[in-house]
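Please read the structure below before turning to the comments.
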Amino acid sequence: MGLFGSPLRIQVSVMILAAAMNPEALSSVEDSIARMRRGDPDALGAVISRYQHRLYRYLLRLVREPATADDLFQQTWLRVMERIGRYDAHRNFESWLFSVAHNLAVDFWRGKRGDSLEASDLSDSPGERLPAAGPDALEQLLDFERGAMLAACMDDLPAIHREVLTLRFEEDMKLEEIAEVACIPLSTVKSRLRRALEGLRAALEARFPRKWGA
């Protein structure tokens with residue numbers, strides 16, 4: 001039976017709805033992951049409750065279409081349930097979960113013109129150095145009052161840069177975790193993040209020169 005017509009899809013959809021209505025239904029995420037690995041589909045509720053908002057935000061940053069992000073969100077949990085038996089318990093579950101979502105987003109972008117998560121990035125070239133963003137770059141990027149400006153400017157960046165900024169600053173992932181999620185070398189994460197920060201700063205200064213303070 002096809003993936004999208006399977007009883008598993010219906011079951012996962014019900015779990016997503018239940019988690020949204022009762023986020024404290026199950027408390028121990030670690031225990032729930034272990035139960036999922038043993039084949040207990042009812043354990044999915046606690047895991048969804050823990051990650052649903054962050055995962056959806058990540059997908060929305062990548063595809064910029066709520067309907068598409070919602071579909072990829074459901075596909076991600078379906079894929080998790082299908083592959084949880086092969087999940088290595090020694091691996092960081094959060095990184096694994098986001099890598100599942102990343103791969104589905106890659107599939108979504110394939111065949112489309114324009115944006116891509118597989119695009120070649122000039123910053124990946126060995127030895128390339130980018131200008132420093134300044135000692136207060138991270139503090140400015142995390143300034144709550146400028147969140148709306150950041151979101152607007154991030155939409156103008158390539159998907160590969162939106163992804164690395166989202167994982168680093170919104171999901172607070174380490175560079176090594178980002179490398180695992182995006183399936184790229186650590187050196188590529190570092191160079192891509194530098195280029196993404198420069199692109200974001202340039203967009204902010206262009207859109208909001210007075211507020212950003214070039």
Side-chain angles (χ1 to χ4, degrees), residues 1-109 117 142 144 147 151 159 162-184 186 189:
M1 181 178 293
L3 176 65
F4 300 111
S6 67
L8 179 58
R9 181 177 179 86
I10 298 175
Q11 188 174 40
V12 169
S13 298
V14 172
M15 285 291 181
I16 292 173
L17 179 60
M21 295 177 64
N22 186 11
E24 303 300 329
L26 296 172
S27 57
S28 175
V29 173
E30 292 76 14
D31 176 67
S32 297
I33 293 172
R35 288 168 53 202
M36 286 169 60
R37 295 185 68 218
R38 294 195 297 267
D40 180 1
D42 293 334
L44 182 63
V47 183
I48 292 177
S49 295
R50 174 72 174 269
Y51 295 106
Q52 60 180 338
H53 299 299
R54 295 173 54 198
L55 184 64
Y56 179 80
R57 177 178 60 187
Y58 165 70
L59 287 167
L60 186 60
R61 289 288 192 214
L62 296 188
V63 300
R64 296 179 295 189
E65 299 173 0
T68 301
D70 183 67
D71 185 57
L72 290 174
F73 177 81
Q74 294 194 46
Q75 289 185 47
T76 297
W77 291 112
L78 279 167
R79 191 68 56 85
V80 165
M81 289 298 293
E82 291 172 345
R83 299 186 177 182
I84 193 65
R86 289 174 280 171
Y87 164 67
D88 182 357
H90 294 95
R91 184 178 178 185
N92 181 282
F93 178 79
E94 180 176 305
S95 298
W96 181 73
L97 172 64
F98 277 79
S99 70
V100 171
H102 166 87
N103 290 334
L104 288 168
V106 167
D107 291 341
F108 166 78
W109 282 117
L117 287 171
L142 295 174
F144 177 79
R162 295 198 305 272
E163 178 178 45
V164 72
L165 288 172
T166 295
L167 292 175
R168 180 66 186 91
F169 298 113
E170 292 185 320
E171 303 308 327
D172 197 28
M173 286 191 180
K174 298 177 180 178
L175 299 184
E176 293 80 3
E177 294 171 332
I178 297 174
E180 184 176 357
V181 170
C183 303
I184 55 178
L186 180 61
V189 173

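All values below were derived from every heavy atom in this structure, side-chain atoms included, with hydrogens, water molecules and symmetry-related copies excluded.
M36 is listed as a side-chain neighbour of V80, based on a closest heavy-atom distance under 4.5 Å. Between T76 and Y58, every side-chain heavy-atom pair lies at or beyond the 4.5 Å cut-off. In this structure, the side chains of L60 and P66 come closer than 4.5 Å at one or more pairs of heavy atoms.
We find the OG-CD1 distance between S99 and I178 to be 13.5 Å, quoted to the nearest 0.5 Å. Rounding to the nearest 0.5 Å places CD of E180 at 9.0 Å from CE of M173. Rounding to the nearest 0.5 Å places CG of L78 at 11.5 Å from CZ of R83. From T166, atom OG1 reaches atom CG of L62 across 6.5 Å, with rounding to the nearest 0.5 Å. Taking CD1 of I84 as the reference point, atom CG of D40 lies at 11.5 Å (rounded to 0.5 Å). We find the CG-CG distance between L72 and L104 to be 6.5 Å, quoted to the nearest 0.5 Å.
In this pair, W77 and F73 present their aromatic rings perpendicular. The plane angle is above 60°, beyond the 30 to 60° band. Note: F93 and Y51 have tilted aromatic rings, judged against thresholds of 30 and 60 degrees for the angle between ring planes.
Here the closest heavy-atom approach between residue E65 and residue F108 is recorded as OE1-CZ, 4.3 Å. Among all heavy-atom pairs drawn from L186 and E176, the shortest one is CD1-N, 4.0 Å. Nearest approach of D70 to Y56, heavy atoms of both residues: N-CE1, 3.7 Å. For the pair A101 and L55, the tightest heavy-atom approach, listed with the atom from each and the gap, is CB-CD1, 3.7 Å. Looking at every heavy atom in both residues, R61 comes nearest to R162 through O-NE, 2.6 Å. Nearest approach of A69 to L59, heavy atoms of both residues: O-CD1, 4.0 Å.
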- Going through the checks in order, is the side chain to side chain contact (heavy atoms under 4.5 Å, CB included) test met by N103 and R79? CA-CA 10 Å; N103 290 334; R79 191 68 56 85; 5.7 Å; no
- Message: Working note: F98 + H102, criterion side chain to side chain contact (heavy atoms under 4.5 Å, CB included); need CA distance, chi angles, decisive distance, verdict.
- Response: CA-CA 6 Å; F98 277 79; H102 166 87; over 6 Å; no
- Message: Pair R168, L175 - check side chain to side chain contact (heavy atoms under 4.5 Å, CB included), show working.
- Response: CA-CA 7 Å; R168 180 66 186 91; L175 299 184; 4.0 Å; yes
